[in-house]
Amino acid sequence: MRYLYLLILLSGSVMAQNANLHNMGEVFVNPNTLVSIRSSFFNETKASFINEGQVYFYGDVENNGVLDFTRDTGLSVFVGNRLQKFQGTEPIYFNNLLFENTSAKVPFHLYNEINVYGQVNFQNGIVDNENFGGTFIFRDDANHINASDLSHVNGIVNKLGDKEFIFPVGDEGYYRFAGTSAIGGANNYQTQYFLENSGSLFPHTHKPETIQLINSAEYWTIEPITNLEDQVMISLSWREETSPEEVIAAPQEDNIHIVRWDVELDKWVDEGGVVNSSDKTVSTAVEKFGVFTLARVKIDKTLPCEITVYNAITPNNDGLNDFFRIEMSDETCVQNLNVQIFNRWGVKVYEADNYGQGGNVFRGYSDGRATLRGDRKLPPGTYFYILNYDYETGNGLDRQKEAGYLFLSGN
């Protein structure tokens, strides 16, 4: 590792002014080179700073030129012993990024736009863009590690690309992640977490009877960045420190769901959900976005149309559980049954309308329309299923959504 003392060796393009460092030319940090910038750094208009080595920033960063990387070797580390601001008129581009500032609980104030293409290591220090108007973007294959109560993003996080993603969001010192999975080949969403009651903005009394109790302490917003036509699998987390006990107590597969505020209907709607007690998450597929939270639902609800789901499949042609079997007590009562099946990464592997009609059933093979790979046999394992159907209430049709686990065996 070579050490570069920036003020001495690059004096032709860098100068000190008022105890700060101003770049007015072109600086390239070679791989295996370490640069330490002890003061605030100003990248001036028409200047460029390209990092392929390791750069340690101890002060503010203001970018009005080009602050970027060209290869995947660059690491930028923010280790100040005071508050650090990200400012400027031009976006900042990082490969790998490490936050390591213990001077305050919220030491990073984001006014500018940060774009990350590699890995973000949330070691210490919360990044606040909610109060300063900045933007935090994870591009393409970007990911993060070590997000916690000590270090995450307080505000909106954007994700671009086609990979599943856990959003490192939180509020009031609590890390409260949410996740999305790419289903239609894109995963362009923005997410924010709020540790506050959504009821003042979205009344909790506006709900169907099947929703028993809506989380009154927290909610998330999940919105597409671009126009997306397909669904996405989302996951919300719960924590004993923030989530109401009456909502998360004794979680079972079907008693905690994700609910969404529907602007057009002016009420909360049940999006269903599959509970993972070990990860403390609830997952479901959605096609509309906005405000989401968790809710307790009535597990003893009765519908005019009884549906029985057999969630074990052994497609070995022995006549027993060879396909995903759904039985209805009254086939004239249930209408427009749509079945969707997702793998554990949230990728849709099968979808069918009017399920069961004309031999249209899931036998353990992916659906070409959903996977874009043609039919292929799926590996054994645990899958998610989503059922959407209309049922006759006696006063017209109502829509029902149910979710659960599906176990596919190879025997």
Side-chain angles (χ1 to χ4, degrees), residues 41 43 48-52 55 57 60-78 84-99 101 106-123 125-147 151-171 175-182 184-194 220-228 232 234-235 289-290:
F41 176 67
N43 203 41
S48 68
F49 187 92
I50 307 300
N51 176 26
E52 296 300 339
V55 179
F57 295 93
D60 300 339
V61 170
E62 181 174 313
N63 180 47
N64 298 306
V66 175
L67 204 166
D68 206 340
F69 67 97
T70 57
R71 288 179 278 181
D72 59 1
T73 58
L75 170 65
S76 299
V77 184
F78 288 84
Q84 293 180 281
K85 300 176 183 177
F86 297 85
Q87 297 175 301
T89 59
E90 296 298 324
I92 304 172
Y93 299 91
F94 295 112
N95 179 34
N96 296 321
L97 184 58
L98 169 61
F99 293 111
N101 187 326
V106 186
F108 302 111
H109 295 180
L110 178 55
Y111 297 82
N112 200 345
E113 178 183 300
I114 286 179
N115 294 263
V116 181
Y117 286 79
Q119 184 179 84
V120 179
N121 188 343
F122 288 99
Q123 194 66 44
I126 295 172
V127 181
D128 185 352
N129 65 357
E130 179 183 22
N131 295 303
F132 303 101
T135 305
F136 201 117
I137 304 175
F138 286 80
R139 307 296 295 254
D140 304 318
D141 296 329
N143 58 77
H144 63 87
I145 59 174
N146 295 325
S151 189
H152 54 264
V153 177
N154 179 28
I156 295 175
V157 171
N158 292 354
K159 177 66 177 78
L160 303 177
D162 60 358
K163 302 293 190 301
E164 61 177 354
F165 189 70
I166 299 296
F167 288 83
V169 292
D171 193 15
Y175 170 48
R176 300 295 290 107
F177 68 88
T180 57
S181 296
N187 191 12
N188 300 332
Y189 295 92
Q190 62 178 26
T191 296
Q192 184 172 4
Y193 169 75
F194 298 86
W220 293 257
T221 57
I222 302 176
E223 297 283 1
I225 299 173
T226 56
N227 293 326
L228 302 176
V232 66
I234 68 170
S235 297
F289 304 93

key: Minimum heavy-atom distance F138-N143, with the two atoms named   = CE2-O, 3.6 Å
inquiry  = Keeping S48 on the side-chain end and V66 on the backbone end, is there a donor-acceptor pair under 3.5 Å?
reply    = no
key: N146 side, atom CG; F99 side, atom CZ - distance, nearest 0.5 Å   = 13.0 Å
N121 side chain to Q119 side chain, donor-acceptor N/O pair below 3.5 angstrom = no
Closest non-hydrogen atom pair between T191 and I222, with its separation = OG1-CG1, 3.7 Å
request  = Please state whether the rings of F78 and F94 are parallel, tilted or perpendicular, taking 30° and 60° as the class boundaries.
outcome  = perpendicular
query = Mind checking whether F49 and F41 have ring centres under 6.0 Å apart?
reply = yes
ask   = Which residues pass the side chain to side chain contact (heavy atoms under 4.5 Å, CB included) test with I166, sequence neighbours left out?
value = H144, Y175, F177
query = How close do Y189 and I225 get, heavy atom to heavy atom, and via which atoms?
reply = O-CD1, 3.4 Å
message = Could you report the tightest heavy-atom contact between S76 and N51, atom names first, then the distance?
response = OG-ND2, 3.3 Å
query = Mind checking whether F108 and F86 have parallel, tilted or perpendicular rings, split at 30° and 60°?
reply = tilted
inquiry  = Among N101, L110, V127, exactly one meets side-chain contact (heavy atoms from CB on, under 4.5 Å) together with Q84. Which residue is that?
reply    = N101
query = Is there side-chain contact between N96 and F69, with heavy atoms separated by less than 4.5 Å?
reply = no
ask   = Do any pairs count as a side chain to side chain donor-acceptor pair (under 3.5 Å) and have a residue in residues 151-160, sequence neighbours left out, and if so which ones?
value = none
message = Show every salt bridge (charged side-chain N to carboxylate O under 4.0 Å, His left out) that has at least one partner inside residues 61-77, sequence neighbours left out.
response = none
ask   = If you measure only the distance, is there a donor-acceptor pair under 3.5 Å linking the side chains of T221 and Q192?
value = no
